[in-house]
There are 2 protein chains.
Amino acid sequence: MASCGLRFTLLIVNAEIVAVGSELLTPFRQDTNSLFLTRRLNELGVEVIFKTIVGDRPEHLLEASRRALSRAQIVVFSGGLGPTEDDLTRECVAQALGLELRRNHEMVTALYTRAAAMRIRMAENNVKQADYISGAELLKNPRGSAPGQWLDTSYEGQRRLVILLPGPPFELEGMFNEHCFERLKLALPEAHIATCELKIAMVGESTADQRAAVIYKQFPDVETTILAKQGEVQFHLKARGATQMEAEALVDKLSSLLEDEFADEIFSSGGESIEQIVGYFLQMRGATLSVAESCTSGLLAERITSVAGSSRYFMGGALVYSDQLKREFCGVPPLLLASDGAVSRSVAAALAEGIRQRCKTTLGIGITGIAGPGGGSEEKPVGLVFVALADGKHTEVVERRFPGDRERIRWFASQLALDLLRRKLR
Amino acid sequence: MASCGLRFTLLIVNAEIVAVGSELLTPFRQDTNSLFLTRRLNELGVEVIFKTIVGDRPEHLLEASRRALSRAQIVVFSGGLGPTEDDLTRECVAQALGLELRRNHEMVTALYTRAAAMRIRMAENNVKQADYISGAELLKNPRGSAPGQWLDTSYEGQRRLVILLPGPPFELEGMFNEHCFERLKLALPEAHIATCELKIAMVGESTADQRAAVIYKQFPDVETTILAKQGEVQFHLKARGATQMEAEALVDKLSSLLEDEFADEIFSSGGESIEQIVGYFLQMRGATLSVAESCTSGLLAERITSVAGSSRYFMGGALVYSDQLKREFCGVPPLLLASDGAVSRSVAAALAEGIRQRCKTTLGIGITGIAGPGGGSEEKPVGLVFVALADGKHTEVVERRFPGDRERIRWFASQLALDLLRRKLR
């Protein structure tokens with residue numbers, strides 16, 4: 001591998017990610033490659049300090065290239081490496097660096113061979129994919145036609161690592177993992193980084209943060225990121241150390257204190273989803289499950305069966321949107337529906353036990369609620385949800401009132417059901 | 001409103017969006033405000049030429065501000081307007097422009113009043129939210145505490161419109177709609193822009209593009225964007241004209257040609273989802289629906305009931321993950337399951353007609369298939385799906401083999417069911 005003789009002088013190396021493509025400047029599409037790239041760069045101790053999104057116009061691409069090269073030590077470009085007239089990343093980065101483009105004749109042959117194998121006649125302009133910036137290595141792309149490039153060079157007297165990757169995520173991720181990660185590791189100062197991810201369910205973000213802050217503030221050397229989405233809060237911990245052991249000890253200490261604080265609520269410390277955890281527990285206990293869903297109408301079952309192999313513990317159930325089907329499939333007594341209403345503690349319990357018996361499963365879940373926007377009343381407002389869990393001996397019913405719109409209320413109801421199952425089974 | 005006396009000289013005004021916040025440079029979070037801002041700016045004829053994402057460090061923020069001001073006519077900043085030490089957008093933009101920060105005393109009072117109403121004691125540093133860049137107007141934020149700013153100024157002799165908005169999407173969108181859109185419209189050259197969005201189902205992106213390209217290439221003045229996601233292809237058309245009528249005539253001409261070409265496949269030209277369209281048709285025909293889902297296990301029902309008011313036409317159905325429940329809930333004959341297997345044309349038909357009768361609905365849908373990753377065989381590979389639609393007289397069954405992973409196969413199966421319903425009902 002070429003090395004330009006300059007060394008990185010900072011302890012923490014920084015990077016800029018430049019996403020190229022006019023479609024990324026429309027209201028319809030967004031650069032997502034940078035999330036993958038950031039994760040992998042962070043693993044190497046590299047900090048991303050800027051992200052730039054730029055279209056296909058050469059004057060803009062040249063400006064973005066110069067700017068990135070002037071302010072970051074590693075510059076990763078994604079997109080604009082294809083065969084069309086709009087694909088100008090190669091040309092503009094070369095111009096920014098004041099380097100020439102050369103043609104790799106082996107690659108030209110490879111492009112013609114690839115086209116022949118696919119029984120297509122290659123258009124003349126495809127050949128430009130074999131052009132590389134003087135001094136760069138071409139990176140093979142078994143998933144597409146455009147190769148990437150790796151260049152260890154300098155800009156205005158500073159060492160720069162420049163990486164050109166194709167835009168399609170599938171091609172970019174494969175190429176980065178296979179050709180760039182190890183190369184970067186060798187080129188960078190050694191970094192010892194430990195990470196940990198804790199997930200908790202059904203606790204609000206501000207409550208979680210309040211309870212956690214008392215703890216994580218004692219660890220200023222651990223970077224703690226709190227991420228909340230849809231009834232789940234994640235703590236992402238990251239620490240650097242002089243050795244790997246030191247970094248891991250630091251993260252372990254904080255994570256075990258957080259696990260004590262959230263003993264009841266933490267469902268995963270290894271990245272698993274709550275659907276997976278519930279699946280593990282059901283299998284571990286040799287238990288089976290059926291569901292009767294009214295307001296969520298399939299969302300809970302869909303989430304449970306998103307896990308491969310769920311047919312081992314999930315049998316099925318009923319979508320009981322209408323009252324008629326609550327009677328028909330779960331044997332909910334008509335009198336109960338008339339006296340308490342379809343959205344009630346007693347009907348939730350009858351759904352859970354009814355579906356359990358009907359499907360001959362160990363456990364049964366019943367969900368009924370008002371997802372809105374219509375159908376609410378003063379007594380039973382939009383957002384009111386009852387979730388019941390029956391095991392044949394006992395039926396537990398939880399009542400909640402969720403804020404937000406239809407989608408959010410339904411999601412929270414399914415999340416509550418999964419968390420009930422988790423607590424029951426753990 | 002202040003005006004600096006300079007005019008925009010280009011016909012098409014351009015913009016840069018700068019998203020501020022260190023969390024936007026992690027692998028966990030992404031700037032999404034720019035999609036909203038781009039959509040609204042495009043409506044005014046403004047083209048977004050760069051997007052920059054920068055953290056909270058003042059030297060980086062200052063650099064990003066200077067760069068944006070040097071290369072775009074409108075610069076919109078989002079985030080970094082709050083009360084904490086990390087909120088430095090005001091300070092850095094002022095410094096980049098060489099302008100002073102002033103304090104608005106009315107706003108100071110308003111901040112104290114707001115805190116008092118919420119029964120909290122305001123921390124001293126909150127007051128800095130009342131600071132504005134000399135010459136800027138403060139924009140009220142009824143959804144949060146940090147006001148925005150609007151500044152019509154110049155940078156290196158060029159007119160610049162500078163807008164500072166708070167980061168939370170809810171606050172940013174409200175503030176832009178209420179305070180910025182009309183101000184921009186007045187400040188910009190008049191633009192006449194027409195748009196149209198056509199959606200088609202169950203046609204691959206490359207097939208759709210091939211068939212459409214013959215048509216849209218005859219309209220170089222209409223910007224055509226093709227967007228594909230999960231069994232749906234969207235054509236977004238946009239044209240400018242000397243008058244609004246001219247722009248609309250241009251878009252109409254292209255869209256009607258595309259509607260002719262895709263007469264069978266287009267399900268929406270007004271932005272509606274396929275779930276909404278199926279709902280309209282069911283209501284229009286006074287029909288009711290039930291479903292029996294095996295491999296999709298609730299996904300179809302969940303999608304149908306994501307539409308508010310779907311209880312008028314959707315009754316419910318059964319989740320028949322196990323063979324036992326296929327018999328129990330839909331009366332599928334045990335012999336049929338034994339001879340043809342659960343994933344077969346005949347079982348799909350039996351599920352559809354069985355659930356229709358059981359739920360006493362006009363129409364019944366049955367879905368069975370192999371979502372994988374396990375469970376496939378040479379004869380019945382992963383991705384094989386049968387969808388049946390029964391109306392009591394006739395049962396139509398469609399067989400498909402979908403590529404991709406479990407999630408994708410299940411999604412396509414539900415999409416195929418919705419498209420079958422649409423074709424039946426239209």
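None of the values given here were measured: they were computed from a predicted structure. Computed from heavy atoms alone, side chains included, the values below leave out hydrogens, waters and symmetry copies. A, B, ... follow the sequence lines: proteins, then strands. Residue 1 opens every chain.
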Seminar exercise, completed: Between the CD1 atom in A/I17 and the CD1 atom in B/I53, the distance rounded to the nearest 0.5 Å is 9.0 Å
For this session: Run the numbers on B/F329 and A/R358 for side-chain contact (heavy atoms from CB on, under 4.5 Å), then give the verdict.
Result: CA-CA 10 Å; B/F329 287 135; A/R358 189 66 183 274; 3.8 Å; yes
Seminar exercise, completed: Of all heavy-atom pairs linking B/Y321 and A/F314, the shortest is CD2-O, 3.4 Å
Exercise. Based on non-hydrogen pairs under 4.5 Å, which of A/L41, A/L299, A/D323 is most in contact with chain B?
Worked result: A/L299
Problem set entry | Contacts of B/S306 that satisfy side chain to side chain donor-acceptor pair (under 3.5 Å) - sequence neighbours left out | none
Problem set entry | Gap between atom CG of B/L325 and atom OG1 of A/T361 - 0.5 Å precision | 8.5 Å
Exercise. Checking A/T305 against chain B: side chain, backbone, both or neither under 4.5 Å from a heavy atom?
Worked result: both
For this session: Could you tell me the separation between the OG1 atom of B/T26 and the CD atom of A/E223, rounded to the nearest 0.5 Å?
Result: 8.5 Å
Exercise. What residues, two or more places apart in sequence or in another chain, satisfy side chain to side chain donor-acceptor pair (under 3.5 Å) together with A/Q415?
Worked result: A/R303
For this session: Indicate yes or no: does B/R57 engage A/E47 in a salt bridge with an N to O separation below 4.0 Å.
Result: yes
For this session: Examine whether an atom of A/E23 lies under 4.5 Å from a heavy atom of chain B, and if so say whether it belongs to the side chain, the backbone or both; otherwise answer neither.
Result: neither
Problem set entry | Working for side-chain contact (heavy atoms from CB on, under 4.5 Å), residues B/L319 and A/V291 | CA-CA 9 Å; B/L319 303 160; A/V291 301; 3.7 Å; yes
Exercise. By a 4.5 Å heavy-atom criterion (distance strictly below it), what part of B/E293 contacts chain A: side chain, backbone, both, or neither?
Worked result: side chain
Problem set entry | Heavy-atom contact with chain B under 4.5 Å, split by part of A/L24 | backbone
For this session: Counting only heavy atoms closer than 4.5 Å, note whether B/S290 contacts chain A via side chain, backbone, both or neither.
Result: neither
For this session: Give, as side chain, backbone, both or neither, the part of A/R71 having an atom under 4.5 angstrom from any heavy atom of chain B.
Result: side chain
Exercise. Looking at CZ of A/R410 and CD of B/E302, how far apart are the two atoms once the value is rounded to the nearest 0.5 Å?
Worked result: 5.0 Å
Exercise. Between A/P27, A/G298, A/S22, A/A371, which residue shows the highest count of heavy-atom pairs closer than 4.5 Å to chain B?
Worked result: A/P27
Problem set entry | Heavy-atom contact with chain B under 4.5 Å, split by part of A/T296 | backbone
For this session: Any chance you could measure A/R67, atom CZ, to B/R67, atom CZ, to the nearest 0.5 Å?
Result: 3.0 Å
Exercise. Quick one: CD on A/E328 to NZ on B/K360, what's the gap to the nearest 0.5 Å?
Worked result: 5.5 Å
Exercise. For the residue pair A/K51 and B/L25, what are the closest heavy atoms and their distance?
Worked result: CG-CD2, 3.7 Å
For this session: For each of A/A301, A/A292, A/S34, tally heavy-atom pairs with chain B at distances under 4.5 Å, and name the one with the top tally.
Result: A/A301
For this session: Give me the ring orientation class for A/F50 and B/H60: parallel if the planes are under 30° apart, tilted from 30 to 60°, perpendicular past 60°.
Result: tilted
Exercise. Checking heavy atoms, do the side chain of A/I49, its backbone, both or neither come under 4.5 Å from chain B?
Worked result: both
Problem set entry | Exercise: identify the closest heavy-atom pair between B/R406 and A/S310 | NH2-OG, 3.6 Å
For this session: Under 4.5 Å heavy-atom distance to chain B, tell me which part of A/I226 shows up: side chain, backbone, both or neither.
Result: backbone
